[in-house]
Amino acid sequence: MRGPKVPDYIRRLAIYVPGKPIEEVQRELGVSDIVKLASNENPLGPSPLAVAAIEKALPNLHRYPDGSGYALRKVLAARHGVDLDQVILGSGSVEIIEMLARAYLADRDEAVYSQQSFVSYQLAVDQVNGCAVTTPATDARAHDLPAMAKAVSDRTRLVYLANPCNPTGTYFTRQEFDRFLADVDDRTLVVVDQAYHEYVSRTDYPDALDDVRRGCNVMVLRTFSKVYGLAGLRIGYGMASQEVIATVNRVRSPFNTSSLAQVAAIAALEDEEWVRRSRDHNLRELVFVQGELQRRGVRFTPSVTNFVLIEFEGDVKELFVEFQKRGVIIRPVGGPGLVNCARVSLGTRAENERFLAALDKLVPTNAGV
Ligand SMILES: Cc1ncc(COP(=O)(O)O)c(C=O)c1O
């Protein structure tokens with residue numbers, strides 16, 4: 001069977017490699033008691049209020065969800081001080097990243113993003129045969145916003161900014177962002193991906209929602225996958241002008257978010273106690289893990305979020321396998337400037353100690369010096 005011809009740009013697509021699931025490592029290596037620090041999940045689990053809401057909604061699973069997610073959008077709009085038609089839901093914020101590319105990139109139109117940023121931007125642009133224009137990160141592994149502004153041309157429809165950035169854990173400030181917005185033509189949509197926004201405690205961190213509210217050509221992306229602990233449900237949202245949301249809605253598939261995800265997200269938003277606990281836990285573990293890495297003389301990029309980017313001396317692919325044999329899943333990353341780097345998510349204190357114990361076995365460090 002020959003099958004249909006596959007377009008060249010589809011043939012060239014890289015397949016997304018997710019963090020290794022625990023079950024897969026158990027199967028492959030026969031190791032039990034596995035610690036997964038590979039996907040920046042909430043180590044404390046899902047919001048309990050969200051779990052209760054899901055249980056309550058189960059008897060109605062035979063019904064299709066509300067396609068536009070009216071009730072959840074209403075709660076989000078009220079909470080964030082925007083109109084209902086300024087909010088769109090996605091099956092994870094990743095789906096909105098992809099919908100944006102589908103909606104705005106035609107005929108090799110350009111999208112600008114930083115080289116050491118979230119891999120889904122590249123996948124989204126490549127999937128629609130768009131033209132990716134990338135800029136190197138700064139020496140501190142941050143977005144080089146002045147260089148990004150210069151890279152914007154009259155063919156640029158989208159700029160993807162991750163703030164904080166995955167996999168580097170760095171952020172840009174309000175002052176830097178204001179300068180960037182002033183430099184970028186308002187025919188370009190600036191997409192600010194704030195998946196880790198709730199973890200940031202810096203006072204100069206800009207919430208780009210302020211810029212959406214004051215009518216800038218900005219879209220903010222948020223997710224329930226991180227601090228709310230609902231990664232398995234796949235639910236995220238975007239906020240922008242009514243015009244932008246109406247455009248993106250044209251490429252949204254019907255019923256793109258499930259009824260369980262919608263009710264869980266509403267409950268999770270009310271679970272302020274869970275968010276506070278998760279955030280406090282993360283801050284404590286960030287201080288602990290970074291302190292331990294520093295004490296050992298291990299090179300890492302200071303993070304404001306729930307993971308740390310580590311630069312190893314040796315081959316990270318081999319180290320990844322060795323960590324796995326010791327029951328610890330980390331996430332090797334690649335690409336320009338990220339050779340032998342791995343991203344390690346913050347877990348519970350016990351999980352973080354397992355990681356550090358494996359590190360001491362595998363990597364010569366100053367531990368104990
Ligand atoms: C920067 C960034 N944006 C978006 C996402 C996607 O999150 P989700 O699709 O689960 O909402 C992630 C997930 O790791 C991320 O790191």
Side-chain angles (χ1 to χ4, degrees), residues 16-21 36-43 46-47 50 69 72 76 87-101 111 113-125 127 137 141-143 158-172 190-200 205 207-208 219-239 248 252-253 256-258 260-262 264-265 268-269 278 282 301 303-309 329-333 335 338 341-346:
Y16 179 76
V17 184
K20 268 218 166 191
K36 184 183 175 205
L37 300 175
S39 300
N40 306 340
E41 295 148 339
N42 186 335
S47 144
L72 172 56
L76 288 168
V87 185
I88 188 168
L89 306 182
S91 173
S93 49
V94 150
E95 194 199 16
I96 307 178
I97 292 167
E98 292 175 352
M99 287 194 277
L100 283 161
Y113 54 87
S114 175
Q115 276 168 10
Q116 296 183 13
S117 68
F118 189 37
V119 66
S120 288
Y121 308 147
Q122 182 192 342
L123 300 177
V125 175
Q127 272 169 19
R141 299 195 191 285
H143 282 50
L158 301 170
V159 178
Y160 290 111
L161 304 174
N163 203 33
C165 182
N166 171 16
T168 60
T170 57
Y171 76 109
F172 54 80
V190 177
V191 181
V192 187
D193 179 350
Q194 297 189 160
Y196 302 95
H197 146 93
E198 292 88 351
Y199 290 113
V200 186
Y205 168 79
D207 184 353
M219 179 160 193
V220 166
L221 302 181
R222 301 264 181 94
T223 182
F224 288 93
S225 298
K226 306 298 171 185
V227 85
Y228 295 103
L230 300 178
L233 277 181
R234 313 305 303 125
I235 180 107
Y237 59 104
M239 292 173 289
V248 182
R252 185 175 61 76
S253 61
N256 65 322
T257 62
S258 73
L260 296 188
Q262 291 177 23
L269 282 168
S278 303
N282 188 71
T301 304
S303 169
V304 296
T305 178
N306 69 343
F307 55 84
V308 182
L309 184 78
I329 313 177
I330 62 170
R331 183 72 178 273
V333 292
L338 292 169
C341 289
R343 198 190 62 198
V344 180
S345 309
L346 300 171

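Order of listing sets the numbers, starting from 1, for every ligand and every atom in it. Predicted, not measured: the structure shown is a model, and the values here were computed from it.
Annotation: salt bridge (charged side-chain N to carboxylate O under 4.0 Å, His left out) contacts of R234 (sequence neighbours excluded): none. When the salt bridge (charged side-chain N to carboxylate O under 4.0 Å, His left out) test is applied to E98, no partner is found at least two apart in sequence or on another chain. Contacts of R222 classified as salt bridge (charged side-chain N to carboxylate O under 4.0 Å, His left out), with partners at least two apart in sequence or in another chain: D207.
A donor-acceptor pair is defined here as one N or O able to donate and one able to accept, closer than 3.5 Å; no such pair exists between the side chain of Y160 and the backbone of Q122.
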What does the N/O contact table under 3.5 Å look like for ligand 1?
{"unit_1": "ligand 1", "atom_1": "3 (N)", "unit_2": "D193", "atom_2": "OD1", "d": "3.1"}
{"unit_1": "ligand 1", "atom_1": "3 (N)", "unit_2": "D193", "atom_2": "OD2", "d": "2.6"}
{"unit_1": "ligand 1", "atom_1": "7 (O)", "unit_2": "S93", "atom_2": "OG", "d": "3.4"}
{"unit_1": "ligand 1", "atom_1": "9 (O)", "unit_2": "S93", "atom_2": "N", "d": "3.2"}
{"unit_1": "ligand 1", "atom_1": "9 (O)", "unit_2": "V94", "atom_2": "N", "d": "3.1"}
{"unit_1": "ligand 1", "atom_1": "9 (O)", "unit_2": "R234", "atom_2": "NH2", "d": "2.8"}
{"unit_1": "ligand 1", "atom_1": "10 (O)", "unit_2": "S225", "atom_2": "OG", "d": "2.6"}
{"unit_1": "ligand 1", "atom_1": "10 (O)", "unit_2": "R234", "atom_2": "NH1", "d": "2.8"}
{"unit_1": "ligand 1", "atom_1": "10 (O)", "unit_2": "R234", "atom_2": "NH2", "d": "3.4"}
{"unit_1": "ligand 1", "atom_1": "11 (O)", "unit_2": "S93", "atom_2": "N", "d": "2.7"}
{"unit_1": "ligand 1", "atom_1": "11 (O)", "unit_2": "S93", "atom_2": "OG", "d": "2.9"}
{"unit_1": "ligand 1", "atom_1": "11 (O)", "unit_2": "T223", "atom_2": "OG1", "d": "2.5"}
{"unit_1": "ligand 1", "atom_1": "11 (O)", "unit_2": "S225", "atom_2": "OG", "d": "3.4"}
{"unit_1": "ligand 1", "atom_1": "14 (O)", "unit_2": "Y196", "atom_2": "OH", "d": "3.2"}
{"unit_1": "ligand 1", "atom_1": "14 (O)", "unit_2": "K226", "atom_2": "NZ", "d": "3.0"}
{"unit_1": "ligand 1", "atom_1": "16 (O)", "unit_2": "N166", "atom_2": "ND2", "d": "2.6"}
{"unit_1": "ligand 1", "atom_1": "16 (O)", "unit_2": "Y196", "atom_2": "OH", "d": "2.6"}

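Between R343 and N40 the shortest side-chain heavy-atom distance falls below 4.5 Å.
Here Y196 and F307 bring their ring centres to under 6.0 angstrom of each other.
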